[in-house]
Amino acid sequence: MKLRMPEYYKQFKCIADKCKDSCCSAGWEIDIDDDTAKLYDSVSGEFGEKLHKSIDNSCGNRHFILDEHNNCPFLKDGLCEIFTKLGEHSLCKICSEHPRYYEWFTDLKEGGIGLCCEEAARIILSFDKKFTTYDVNDDESDDELDTDSDNYDEDLYTFLKTARNKIIAHLEDNSIDFNNRIRDVIWYGNVLQQDIDFNLLDDEEIVDVTLSESSNLIDIFDFLCTLELNDNNWSDYLKDCSKVYTSNYTKLDEFEAKHPEVNDYLKNIAIYFIWRYFLKGCFDEDVLSKIKLMAVSVSIIRAMIFCKWLDKNSIKLEDCVDIVKKYSEEIEYCEDNLLKFFKASYELEAFNVEKIIGLFK
Ligand code: SF4
């Protein structure tokens with residue numbers, strides 16, 4: 001099978017002890033796959049004892065017992081003790097693959113690196129070339145095929161692949177104002193969804209959308225506050241951002257004029273969401289909620305970066321990386337939150353197409 005990855009993936013290497021906020025201290029449950037669990041069972045001596053004591057076997061899926069600070073118990077001076085004591089091959093699948101993600105189709109595995117990792121976020125935000133991908137042969141993928149990998153309509157898959165290329169090309173078209181590009185793509189998603197619903201896979205074009213109605217982010221911030229928390233401070237942070245953004249949004253034009261590079265970061269974030277989620281629409285015949293995820297994420301992340309700028313009177317790539325990483329950890333890397341988002345995208349008034357278009361004035 002072929003594995004297709006974004007070109008920027010070639011730049012990725014975990015920065016380990018140089019990472020400010022390692023994924024090993026993100027408070028996530030780290031499941032241990034069966035093969036690695038067997039290997040850990042066979043380790044003896046002092047380190048073997050630590051390994052056995054640090055694994056919870058009680059509820060079917062074996063995982064590491066986090067320490068009192070919610071860190072992986074093997075994180076020592078920013079490095080992984082399992083890696084340093086037993087070697088890279090001894091890492092469980094989750095640890096050796098993170099922050100890579102994959103999607104399986106019949107003849108192709110696609111992947112990338114997730115924004116929840118600070119080095120991945122740095123690479124993605126600062127990427128200054130056209131988005132391209134490359135293929136490698138990945139024989140191991142033939143053993144990994146899951147049952148859903150061919151559970152889709154081939155015509156829909158081809159239709160969405162063409163649509164995704166058009167969306168990415170449109171997002172990259174610097175001759176069009178950034179807000180306009182996002183508006184056009186949201187409307188295009190709406191048209192595509194109607195085509196899918198009526199089983200008319202027409203070759204639609206992306207058209208220029210003028211602003212329909214203005215809207216604000218308060219309802220969306222409020223919705224995000226109802227989601228599950230990974231970090232207990234996240235909800236207060238969202239509430240603060242909502243207040244600060246609402247009382248200062250008239251300064252948004254000034255911010256955009258002073259920091260045009262932020263729109264480049266946001267464009268890369270938009271492409272990340274489209275690359276990662278849009279083609280999943282061939283499994284559930286729903287592309288509109290994936291487009292809304294992209295648009296809402298871009299809008300909220302922009303608001304957070306804007307608030308940071310108001311606070312510091314300056315903004316650097318590193319500030320943006322921290323914001324994006326946190327957003328991704330809280331919203332994107334919690335399966336329940338993503339499902340709630342996709343459901344809300346059809347149920348909440350604030351998520352209707354015109355309102356979301358209105359966020360991009
Ligand atoms: S967050 Fe990324 S760079 Fe940092 S330790 Fe994890 S994988 Fe490595």
Side-chain angles (χ1 to χ4, degrees), residues 3 5-33 36 40 51 54-55 63-103 109-127 138 140 228-234 237 265 268-269 271-273 275-276 297 301 304-305 308 316-335 337-338:
L3 167 64
M5 297 292 272
E7 192 63 30
Y8 56 63
Y9 171 65
K10 290 178 182 164
Q11 295 176 37
F12 178 74
K13 191 169 189 318
C14 170
I15 55 172
D17 55 332
K18 293 185 193 66
C19 189
K20 282 189 299 214
D21 186 16
S22 160
C23 48
C24 315
S25 55
W28 290 326
E29 184 172 295
I30 307 164
D31 289 338
I32 305 162
D33 55 284
T36 313
Y40 293 168
L51 255 179
S54 306
I55 294 174
H63 57 269
F64 292 119
I65 302 166
L66 302 183
D67 72 12
E68 66 276 22
H69 306 294
N70 257 353
N71 294 343
C72 173
F74 295 98
L75 179 64
K76 209 169 178 195
D77 303 325
L79 291 172
C80 170
E81 248 187 315
I82 297 179
F83 186 106
T84 51
K85 290 228 160 40
L86 304 178
E88 187 173 1
H89 67 281
S90 304
L91 295 177
C92 59
K93 265 195 189 139
I94 285 188
C95 293
S96 56
E97 285 294 345
H98 185 83
R100 298 160 188 84
Y101 62 83
Y102 301 105
E103 192 70 61
K109 177 177 166 186
E110 284 192 351
I113 39 175
L115 288 172
C116 65
C117 156
E118 76 176 54
E119 179 62 2
R122 197 173 286 122
I123 290 168
I124 293 169
L125 265 62
S126 58
F127 191 67
D138 182 29
E140 280 180 19
E228 268 182 42
L229 300 176
N230 183 48
D231 174 350
N232 288 332
N233 299 319
W234 174 249
Y237 170 65
Y265 304 157
N268 289 344
I269 292 167
I271 293 173
Y272 163 86
F273 275 98
W275 172 253
R276 181 165 186 171
S297 300
I301 289 168
M304 289 171 167
I305 295 174
K308 189 78 183 176
K316 302 232 160 32
L317 171 65
E318 280 310 300
D319 300 314
C320 301
V321 165
D322 292 346
I323 288 167
V324 169
K325 175 185 186 298
K326 196 77 201 154
Y327 175 88
S328 172
E329 267 177 17
E330 291 289 334
I331 308 297
E332 210 197 339
Y333 273 74
C334 172
E335 192 63 27
N337 284 348
L338 264 190

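All ligand and atom numbering here is 1-based and tracks the order in the structure. Every value quoted in this text rests on a predicted model; they were computed, and no experiment measured them. Sequence positions, counted from 1, serve as the residue numbers for this chain. In what follows, every heavy atom counts, from backbone to side chain, and hydrogens, waters and symmetry copies are set aside.
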- Message: Students should be able to answer this: which protein heavy-atom is nearest to atom 4 (Fe) of ligand 1, and at what distance?
- Response: Cys19 SG, 2.4 Å

- Message: Is the shortest side-chain heavy-atom distance between Leu51 and Ile82 below 4.5 Å?
- Response: yes

- Hey, which atoms in ligand 1 end up nearer than 4.0 Å to a heavy atom of Ile15? 3 (S), 8 (Fe)

- Message: Taking 2.8 Å as the cut-off, does Cys14 contribute an N, O or S atom near atom 8 (Fe) of ligand 1, distance below it?
- Response: yes

- Cys23 near atom 6 (Fe) of ligand 1: N/O/S under 2.8 Å: yes

- Task: Please determine if Glu110 and Arg276 form a salt bridge, counting it only when a charged side-chain N lies under 4.0 Å from a carboxylate O.
- Result: no

- Message: Looking at atom 4 (Fe) of ligand 1, is there an N, O or S atom belonging to Cys117 that lies under 2.8 Å away from it?
- Response: no

- Query: Side-chain donor-acceptor pair under 3.5 Å between Tyr237 and Glu330, yes or no?
  - Reply: no

- Task: Find out whether Trp234 and Glu329 are in side-chain contact, i.e. whether some heavy atom of one side chain is under 4.5 Å from a heavy atom of the other.
- Result: no

- Task: Hey, can you tell me if Tyr40 and Phe64 have their rings parallel, tilted or perpendicular (30° and 60° cut-offs)?
- Result: tilted

